[in-house]
Amino acid sequence: MASVSAASVTFRALSKPSLKSNETSSLKVVSLGWRKNGFPSLRSSRFRVSCAQAKPETVDKVCEIVRKQLALPAEAELTPESKFSAIGADSLDTVEIVMALEEEFDISVEEESSQNITTVQEAADLIEKQLQKKPEA
């Protein structure tokens, strides 16, 4: 018989992140606790993460590029939630997808960021983030 003894765990934001005018953040306090005869609880009303999602046209373009790079047939289902590994991409394919995205959108993706891309949506979100950073020409 196993038992857990803990009162609570609290996470607090230590510093206030700098925000652009079109971004929002309301990270406050998250408390996790165990009651004597209950399940762990999360007071979600005090915790909210807001992430900007890519424009639909960006997601569509990413799907088009992924489909081309992996030579997927037109009838193959490709959604924003599609994982590259689930549709047959290995690590080399993922690198080639990122390179094609960089070329198409005229951006530069850092190696560290590219290693965290596992889905079509993550790729599209990263592109939007890079495009927002890019100075207007």
Rounded to the nearest 0.5 angstrom, the OG-CD distance for S108 and E110 is 7.5 Å
Min side-chain heavy-atom separation L126-I107 under 4.5 Å:
no
* To do: Give a yes or no on whether the backbone of A76 and the side-chain of R67 come within a donor-acceptor separation of less than 3.5 Å.
  => yes
To the nearest 0.5 Å, atom CD of E122 lies from atom OG of S114 at 12.0 Å
Looking only at heavy atoms, the pair that brings V120 and L78 closest together is CG2-CD1, 4.3 Å
Should I127 and Q130 count as side-chain neighbours, where that means a heavy-atom distance under 4.5 Å? no
Between D93 and G88, the two heavy atoms sitting closest are OD2-O, 3.7 Å
- Message: Membership question, hydrophobic clusters at under 4.5 Å side-chain separation (ILVMFWY): are V95 and L72 in the same one?
- Response: no
*asked:* Does any part of the side chain of T118, heavy atoms only, come nearer than 4.5 Å to the side chain of S85, both counted from C-beta?
replied: no
Is L131 linked to I117 within one hydrophobic cluster, defined over Ile, Leu, Val, Met, Phe, Trp and Tyr using a side-chain heavy-atom separation of less than 4.5 Å?
yes
Between the NZ atom in K68 and the SG atom in C63, the distance rounded to the nearest 0.5 Å is 15.0 Å
Notebook entry, point to check: Taking it one step at a time, do E64 and K61 satisfy salt bridge (Lys or Arg N to Asp or Glu O under 4.0 Å)?
Noted result: CA-CA 5 Å; E64 180 184 318; K61 191 66 177 177; 3.1 Å; yes
Could you tell me whether the side chain of D125 reaches within less than 4.5 Å of the side chain of Q121, counting heavy atoms only?
yes
Q) Would the number of heavy atoms belonging to other residues, nucleotides or ligands and lying under 6.0 Å from CD of E111 be above 12? A) no
Checklist entry - Does some side-chain heavy atom of T58 sit less than 4.5 Å from a side-chain heavy atom of F105? => result yes
### Query
Going by heavy atoms in the side chains, are E104 and I65 under 4.5 Å from each other?
yes
For the backbone of V109 and the side chain of E102, can you confirm whether one donor and one acceptor N or O come within less than 3.5 Å of each other? yes
dist Q69:CD -> I87:CD1 (nearest 0.5 Å) comes out at 11.5 Å
> Is there side-chain contact between L70 and F84, with at least one heavy-atom pair below 4.5 Å?
Replying inline: no
Q: Would you check, one step at a time, whether the test side chain to side chain donor-acceptor pair (under 3.5 Å) holds for T79 with S82?
A: CA-CA 5 Å; T79 67; S82 296; 3.2 Å; yes
